Amino acid sequence: LADILPSLRTGEAIITGEAVVLPARVLVDLPDPLPLAEDPTLESWHAAPPTEPDLAPAVAAWRGAYDVSR
């Protein structure tokens, strides 16, 4: 099943589980209106690899929220 996942198009899904006799490839109703987003492409992934987020400000704010000396 994992081998066919890349071949799924937008709106397609594989349904499996105890209540399904055989795995099924199904079409899911698309939302109306569609969200303002596009499918990611491999080209854009290689052009701009993700960077590690700077978590220091968030951690400092979180720790400051529990500072009992305030």
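Since the structure is predicted, the reported quantities are computational estimates derived from the model, not experimental observations. No hydrogens, no waters, no symmetry mates; every other heavy atom, side chains included, goes into these values.
Remark: Leu22 CG to Thr16 OG1 distance equals 11.5 Å, nearest 0.5 Å. Distance check, rounded to the nearest 0.5 Å: CG of Leu27 to CG of Leu8 gives 10.0 Å. Between Ile14 atom CD1 and Ile4 atom CD1 the span is 3.5 Å, to the nearest 0.5 Å.
Nearest heavy atoms, Ala2 versus Pro6: O-CD, 3.7 Å. Looking at every heavy atom in both residues, Gly11 comes nearest to Leu30 through CA-CD2, 4.0 Å.
For the pair Ile15 and Arg25, the minimum side-chain heavy-atom distance is 4.5 Å or more.
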